[in-house]
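Okay, structure first, notes after.
Scope of the values below: all heavy atoms of this structure, side chains included, with no hydrogens, waters or symmetry mates. What you see is a predicted model; the values in this text were computed from it and never measured. Just so it is clear: chains get the letters A, B, ... in the order the sequence lines come, proteins before strands, and each one is counted from 1.
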There are 2 protein chains.
Amino acid sequence: MLPSSTVENYLKAIYVGETHLTDGQKLVPMGQLAGALGIAPGTATTMVKALAESDLVDYEPYNGVRLTAAGQKLAARVLRRHRLIELFLVQVVGMKWDEVHDDAEQMEHVVSDALIERIDEMLGRPEVDPHGDPIPTADGQLPHRTLETLLTCPLHTPVTVARVTDQDAAFLRFIESHNLKPGQTIEVEARDDVSDSVRLKAPNGVRMTLGTRAASKLLVTG
Amino acid sequence: MLPSSTVENYLKAIYVGETHLTDGQKLVPMGQLAGALGIAPGTATTMVKALAESDLVDYEPYNGVRLTAAGQKLAARVLRRHRLIELFLVQVVGMKWDEVHDDAEQMEHVVSDALIERIDEMLGRPEVDPHGDPIPTADGQLPHRTLETLLTCPLHTPVTVARVTDQDAAFLRFIESHNLKPGQTIEVEARDDVSDSVRLKAPNGVRMTLGTRAASKLLVTG
DNA sequence: TCGTCAATTTTGATTAATCAAAATTACACC
DNA sequence: GGTGTAATTTTGATTAATCAAAATTGACGA
């Protein structure tokens, strides 16, 4: 019984949902899941019960859902495919990083293992995709680096952009046009809670200001 | 109402079915369609009636089905995608020509126009795929060369393999291992109806014998 | 303790795609 | 012209995925 694209999408959404859980939570709420997938809450309930039946998730009524080991393995596989495909489309095919998400979203469910292996090989077993998101290994491990956001990193200190955690095309174009893509070195000069903003110096020396919402999507390493 | 993968597959099957019609026929029989798609005959009937409702096909009960102009346009688009993707996977990704069919079959329904355009550009607007099958143009024209099979081409005359009309992986591996891929020059030395076979000289000078069934799948130009 | 409200689950329906098996039709042959 | 066969269509069901709206639950504040 190989999983349908729909099942794969549920698992993937739960997987990333788990990584977004604040503090000691271990269950992804149904509402959040339904929201992430853009479906009605009742639909999510029905589907999750079926996933639980297949031992892909643990489901606690009214509390939420969590992946089992089997579910985690499948989810990691899908995420691996997605990120490899994104990198491939940018690196090999020459598409822009803001236009590859939808193609990857579709292709991740349908391409053969042989094609994924070829892509992985062509790209030299990469560890991160064009957005700096880590690529799960073939055996399902998700490498984890601890990164800081522009809201928490040290001031007046050069840091390197490592990851951009937003797939929105307009946001990505903004990042690119201001030279803030992963790999670029920048420096946070000031933060201001009142104006809800962060001021920073871009690689070319240009100063600019971001809202905290946007700033929280840029992850950096010291 | 963009067409589902299923609808695209029906249209594609009717499209290629039409090209296989003998003499003056203009309708693809339901049985043949169902067979090509691997579905029950009743299912084909139901679906074709729906396609007729959407003006993608003309349907004559008990006689068969034919594409309308709109259906033809869609079918050509899918076939174009399929063949461009196959060539891409061979040429750029380095997959073998006998292993790209299934990936192309899936990807043809899901990749963006932007990706197809990039692929077409990378490949230099190619006219044929790795099997020598012509690639429909972006506006839906299917370039047609008149080719002969090994059953009809002149004897004792060098001819160039132009097309292999069978997607079966084992057959393709056979063709490759005997140096009979498109572009190779060969010569038919004899045909024999009784033994149902064709004898030919491969590029390396090696003599070999094919059954007429296999020989009919090799198309050549003088 | 109790009521309220938001989140969740249930219920009842719908759509697309499919099958098996029964009914029908076309046609060719005697 | 009748008849049998093969192709085709109909019929009745099934599965996966979905929605809207009604019912339920659980937690929190009064």
Assess whether side-chain hydrogen bond (donor to acceptor under 3.5 Å, both in side chains) is satisfied between T212(B) and D196(B), documenting all intermediate values. CA-CA 6 Å; T212(B) 54; D196(B) 187 46; 2.5 Å; yes

Any chance you could lay out the side-chain hydrogen bond (donor to acceptor under 3.5 Å, both in side chains) test for D192(A) and S195(A), step after step, and finish with the verdict? CA-CA 6 Å; D192(A) 182 22; S195(A) 72; 3.0 Å; yes

Taking only nitrogen or oxygen atoms into account, show me every contact under 3.5 Å that the protein makes with nucleotides 24-26 of chain D, one pair per line with its distance.
unit_1: dT25(D); atom_1: O4'; unit_2: Y62(A); atom_2: OH; d: 3.3

Review item, nucleotides 17-20 of chain C N/O atoms under 3.5 Å of protein N/O:
unit_1: dA17(C); atom_1: OP1; unit_2: S4(B); atom_2: OG; d: 2.5
unit_1: dT18(C); atom_1: OP2; unit_2: Y10(B); atom_2: OH; d: 3.3
unit_1: dC19(C); atom_1: OP2; unit_2: A40(B); atom_2: N; d: 2.9
unit_1: dC19(C); atom_1: OP2; unit_2: T43(B); atom_2: OG1; d: 2.7

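Side-chain atoms of V92(A) and L123(A), non-hydrogen and from C-beta on, do get closer than 4.5 Å to each other.
Counting to the nearest Å, the P atom of dT25(C) and the CD atom of E60(B) are 17 Å from each other. Here the P atom of nucleotide dA6(C) and the CD atom of Q32(A) are 19 Å apart, to the nearest Å. Note: CG (N63(B)) to C1' (dT9(D)) measures 13 Å, nearest angstrom. Summarising the geometry, the separation between OH on Y59(B) and C1' on dA7(D) is reported as 11 Å, rounded to the nearest angstrom. Atom CG in N9(B) sits about 17 Å away from atom P in dA16(C), given to the nearest Å.
Residue K49(B) places at least one side-chain N or O under 4.0 Å from the OP1 or OP2 atom of dT10(D).
Both the sub-6.0 Å distance and the 45° axial angle are not jointly satisfied by K49(B) relative to the ring of Y59(B).
With D166(B) as the partner, the salt bridge (charged side-chain N to carboxylate O under 4.0 Å, His left out) test is satisfied by one option alone out of K217(B), R213(B), R173(B): K217(B).
Between the side chains of Q106(B) and H109(A), no donor-acceptor pair of N or O atoms lies under 3.5 Å.
Under 4.0 Å is where a charged nitrogen must lie from a carboxylate oxygen, and between R118(B) and E121(B) at least one such pair does.
Residues passing the ring pair (Phe, Tyr, Trp, His ring centres under 6.0 Å) test with F174(A), sequence neighbours excluded: H178(A).
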